[in-house]
Amino acid sequence: GVFAFDASDIEVPTYKGTGWNVYRSALAAGNNIPDGYNLVPINTFHAGRQRANTDMGNLPYGHVVIRKEGWYMMNVRYQLVRPTDNDNFMCLLYSNIASGGSTWALVDVGPENGDIGVHTVGATFIRYCLEGEGLVPGFFYSKGTLETANQIVGDNLGTVTYFKGTLMSA
């Protein structure tokens with residue numbers, strides 16, 4: 001049985017380090033994905049967890065603001081409603097540092113995925129980020145000839161569509 005119980009046993013754990021994890025928690029499909037190079041559609045992301053030493057600029061877009069300069073490793077993954085046919089899809093990373101925060105510029109591109117029958121696409125980015133830099137994930141999508149525009153879905157655990165990153169070295 002329980003012999004003792006203290007309020008310290010139920011404290012929220014503190015997170016050490018620097019990083020973030022935002023994800024799409026909705027099972028329903030999001031907005032249609034437009035062709036071309038784009039930021040993610042609004043409301044792609046719904047939830048965040050384990051964010052430490054970073055700021056959330058705009059959660060529905062996955063906009064993260066770096067508070068500690070250094071080398072970061074970031075992962076982006078999207079779950080698509082329909083498998084691809086002859087589409088091309090790449091995960092992208094945008095930054096607002098070059099414009100002083102006013103516009104987004106493409107700073108990294110993941111591998112192209114043109115395979116037939118793919119439901120997920122993802123990429124890992126390693127980048128030196130400056131304090132105050134905003135980051136947001138994006139995608140390149142070239143719709144195939146056999147289908148309508150695809151959509152991004154999520155799950156309540158945050159395991160299929162996410163944008164997460166961690167400081168590796170300051």
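Just so it is clear, the values below take in all heavy atoms, side chains as well, and ignore hydrogens, waters and symmetry mates.
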Residues F125, V76; criterion side chain to side chain contact (heavy atoms under 4.5 Å, CB included); working and verdict: CA-CA 8 Å; F125 303 111; V76 178; 4.0 Å; yes
M90 atom CE, over 12 foreign heavy atoms within 6.0 Å: yes
Would [X] and [Y] show up in the same hydrophobic cluster when neighbours are defined by side-chain heavy atoms closer than 4.5 Å?
X	Y	result
V109	V136	yes
Y78	Y162	no
V65	Y128	no
F45	L80	yes
Y72	M168	no

Short question: side chain of [X], backbone of [Y] - any donor-acceptor pair under 3.5 Å?
X	Y	value
N31	I42	yes
R24	N43	yes
T161	I152	no
S25	A47	no
N96	G134	yes

Please name the pair of heavy atoms, one in [X] and one in [Y], separated by the smallest distance, quoted to 0.1 Å.
X	Y	value
I66	C129	CG1-CB, 3.9 Å
P111	A123	CD-CB, 4.1 Å
G30	Q151	O-NE2, 3.1 Å
N38	D35	ND2-O, 3.1 Å
P34	N32	CD-O, 3.3 Å

Rounded to the nearest 0.5 Å, what separation is found between the [atom1] atom of [X] and the [atom2] atom of [Y]?
X	Y	atom1	atom2	value
W71	S169	CH2	OG	9.5 Å
T54	R67	OG1	CZ	7.0 Å
R77	C91	CZ	SG	10.0 Å
I97	E131	CD1	CD	9.5 Å
K164	N75	NZ	CG	6.5 Å
R51	L59	CZ	CG	9.5 Å

Side-chain H-bond candidate by donor/acceptor type, E133 with S95, under 3.5 Å: yes
Side chain to side chain contact (heavy atoms under 4.5 Å, CB included) between L92 and Y37, intermediate numbers included: CA-CA 8 Å; L92 308 176; Y37 289 83; 3.5 Å; yes
Chi angles and distances behind the side chain to side chain contact (heavy atoms under 4.5 Å, CB included) call for M74, L135: CA-CA 10 Å; M74 294 158 269; L135 300 168; 3.6 Å; yes
Aromatic ring pairing F89/F139, orientation class (parallel under 30°, perpendicular over 60°, tilted between): parallel
Considering only heavy atoms from C-beta outward, does the side chain of [X] approach that of [Y] to under 4.5 Å?
X	Y	answer
T166	T18	no
N150	Y141	yes
L93	F163	yes

N-O pairing of D108 and R127 below 4.0 Å: no
Pair H63 + W20: ring centers closer than 6.0 Å: no
Side chain to side chain contact (heavy atoms under 4.5 Å, CB included) between Y94 and L39, intermediate numbers included: CA-CA 8 Å; Y94 288 87; L39 303 178; 3.4 Å; yes
